[in-house]
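All values below were derived from every heavy atom in this structure, side-chain atoms included, with hydrogens, water molecules and symmetry-related copies excluded.
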Amino acid sequence: MRQTLDTASHTEAEHKEPNRRGRAAGIIAIVIVAVSMSLAASGIAVWLTQGSTKHQAVGHPLYDGYTYERKEAGGVVMHALVTEPQKVTLDAVRGNVSASPYYGVNGGFFYNGDMLSIAVVNDQPVGGKPNEYGSGYANAKVPRGTLVWDGMSQKLSVQIVSNAGELNVTDRNHYWAQGGISMTLSGDQSWRNQMEEEMAPFPDDDRLRSAAVYNEEGTLYLIVSQTKTTNAEFRSAIIEAFGPMQDGIFLDGDGSSQLHAFEAALPGDGRQVEQMIRLKKPDENR
């Protein structure tokens, strides 16, 4: 009888012990999940409210045709995608660049869904048909600085034009052109006059800024500021941080200044933009 009672007590103890371990494990799991959710929420809040960079510690880049640089000059923090112009194309994105499936930066100006800057690949505007308003075929209001990649001559240039039909390229089936505002990086005395002639919006306000510039070797820099600044300060910061540049253009700014890469994401103010300059995927021919 004693043996039976001992056996029964032992069996009951064995039954209770796993239950206690199970409850303890459950409590630990709940705590871990709660902490993880709290940390994740904090990270999301910081990214959205501060417009800071989103760094990813694991995984692999979608593309390998660029390098990422973070620079600071004159109090202006900037993020850049450095690449070759043949590895870039233009596209309609109609969303926030930082949330898109592509790596790149925002493009030109827009309003109410219409593209107001040239955004053309091989004579085809990315947002519609040639000569169609808001398609990306023309620069609105006045002739404006337009960054042009001539695929046949393998050269970048900035041309001041009103529409894509005025662009000077070797082969109209092998180029891309992105409109903006001239930076005139080789003309320190004349750049402001040219910018004003092209009716740059809010040039002296402190706002987020973006640009596409290139050096004498033809290397393309797609740059977005994390700091609100003026056009003059942004221009000077680029030259100081990245070295002498051949030329380039200001892109749309303020809340439209957006970037997406493996290393960082800048959402601007979270708004939707209509068009972006993006990196090609390795197998893409466009």
Side-chain angles (χ1 to χ4, degrees), residues 51-53 66-85 87-88 97 104-109 117 139 143-150 154-160 176-254 256-259 261 263-264 266 268 276-277 279:
S52 61
T53 59
Y66 76 99
T67 58
Y68 164 81
E69 296 183 12
R70 182 188 186 278
K71 301 273 185 135
E72 182 174 355
V76 180
V77 177
M78 297 166 288
H79 302 261
L81 306 183
V82 185
T83 187
E84 301 170 20
K87 294 180 179 179
V88 160
V97 170
V105 302
N106 64 284
F109 303 103
S117 297
N139 289 321
R144 285 175 163 166
T146 302
L147 181 64
V148 182
W149 166 245
D150 188 323
Q154 297 282 292
K155 290 183 179 180
L156 284 164
S157 64
V158 173
Q159 302 180 26
I160 301 172
W176 57 257
Q178 173 66 63
I181 301 290
S182 296
M183 295 185 81
T184 321
L185 291 169
S186 59
D188 286 339
Q189 303 301 318
S190 61
W191 79 270
R192 176 169 282 276
N193 289 338
Q194 185 60 47
M195 178 188 69
E196 291 174 351
E197 285 184 16
E198 296 180 18
M199 301 177 65
F202 309 107
D204 299 317
D205 288 4
D206 284 332
R207 303 196 174 208
L208 298 174
R209 304 288 175 181
S210 54
V213 304
Y214 63 97
N215 60 21
E216 289 186 355
E217 289 73 37
T219 303
L220 179 64
Y221 292 73
L222 305 175
I223 305 172
V224 175
S225 77
Q226 187 180 326
T227 307
K228 292 184 177 181
T229 185
T230 67
N231 270 359
E233 292 166 343
F234 183 48
R235 181 178 180 275
S236 295
I238 288 174
I239 296 171
E240 181 180 343
F242 297 98
M245 291 290 164
Q246 187 74 19
D247 211 347
I249 58 172
F250 294 104
L251 300 167
D252 194 5
D254 202 22
S256 298
S257 292
Q258 300 169 12
L259 175 147
E263 298 83 357
L266 297 172
M276 70 180 292
I277 306 172
L279 299 175

Legend entry - Y68 side chain near H79 side chain, heavy-atom distance below 4.5 Å: yes

Inset, instruction - Decide yes or no for L220 and V82: does some side-chain heavy atom of the first lie under 4.5 Å from some side-chain heavy atom of the second? - result: no

Inset, instruction - Would you check if F242 and I223 make a side-chain contact, meaning some heavy-atom pair closer than 4.5 Å? - result: yes

Inset, instruction - Please examine the side chains of Q194 and I181, heavy atoms only from C-beta on, and report whether any two atoms are closer than 4.5 Å. - result: no

Inset, instruction - Classify the side-chain pair T219/E217 by whether it contains a donor and acceptor separated by less than 3.5 Å. - result: no

Inset, instruction - Enter the distance from F250:CZ to S257:OG here, rounded to the nearest 0.5 Å. - result: 11.0 Å

Legend entry - Non-hydrogen atoms of Y66 and A261 that approach each other most closely: OH-CB, 3.9 Å

Legend entry - Under 3.5 Å side-chain donor-acceptor pair for N106 and S256: no

Inset, instruction - Indicate whether the side chain of D247 and that of S186 have a donor and an acceptor atom separated by less than 3.5 Å. - result: no

Inset, instruction - Can you establish whether the number of heavy atoms outside E216 located under 6.0 Å from its atom CD is more than 12? - result: no

Inset, instruction - Can you measure from NZ (K155) to OH (Y214) and round to the nearest 0.5 angstrom? - result: 10.5 Å

Inset, instruction - Could you check R144 against M199 for side-chain contact (heavy atoms from CB on, under 4.5 Å), going step by step and ending with a plain yes or no? - result: CA-CA 9 Å; R144 285 175 163 166; M199 301 177 65; 3.8 Å; yes

Inset, instruction - List the atom of A211, the atom of F234, and the distance in Å for their closest heavy-atom pair. - result: CB-CE2, 3.7 Å

Inset, instruction - Supply the atom-to-atom distance L147 CG to I277 CD1, rounded to the nearest 0.5 angstrom. - result: 7.0 Å

Inset, instruction - Could you list the residues that satisfy side chain to side chain donor-acceptor pair (under 3.5 Å) with S117, not counting sequence neighbours? - result: none

Legend entry - Short side-chain donor-acceptor distance under 3.5 Å, S182 and E198: yes

Inset, instruction - Could you give me the CA-CA distance, side-chain angles and deciding distance for S210 and V105, then say whether side-chain contact (heavy atoms from CB on, under 4.5 Å) is met? - result: CA-CA 8 Å; S210 54; V105 302; 5.8 Å; no

Inset, instruction - Find the distance between CE (M245) and CD1 (I238) and round it off to the nearest 0.5 Å. - result: 7.5 Å

Inset, instruction - Determine yes or no for a side-chain-to-main-chain donor-acceptor pair under 3.5 angstrom, with R207 supplying the side chain and N231 the backbone. - result: no

Inset, instruction - Side-chain contact test, heavy atoms from C-beta onward, threshold under 4.5 Å: evaluate it for L185 versus V213 and give yes or no. - result: yes

Legend entry - Closest contact, heavy atoms only, T146 versus A177: CG2-CB, 3.9 Å

Legend entry - Salt-bridge contact D252-R209 (side-chain N to carboxylate O under 4.0 Å): no

Legend entry - Pairwise side-chain contact, R235 with T230, heavy-atom cut-off 4.5 Å (strictly under): no

Legend entry - Residues that E69 engages under salt bridge (Lys or Arg N to Asp or Glu O under 4.0 Å), provided they are two or more places apart: K71

Inset, instruction - Would you mind reporting whether L266 and Q258 have side-chain heavy atoms less than 4.5 Å apart? - result: no

Legend entry - Nearest heavy-atom neighbours spanning S225 and V76: CB-CG1, 4.2 Å

Legend entry - Donor-acceptor contact present, side-chain Q226 to main-chain M78, <3.5 Å: no

Legend entry - Interatomic spacing from OG1 in T184 to CD1 in I160 - rounded to 0.5 Å: 6.5 Å

Inset, instruction - Side-chain contact test, heavy atoms from C-beta onward, threshold under 4.5 Å: evaluate it for L259 versus L81 and give yes or no. - result: yes

Inset, instruction - Please round to the nearest 0.5 Å and tell me the distance separating atom CD of Q178 and atom CG of N139. - result: 9.0 Å

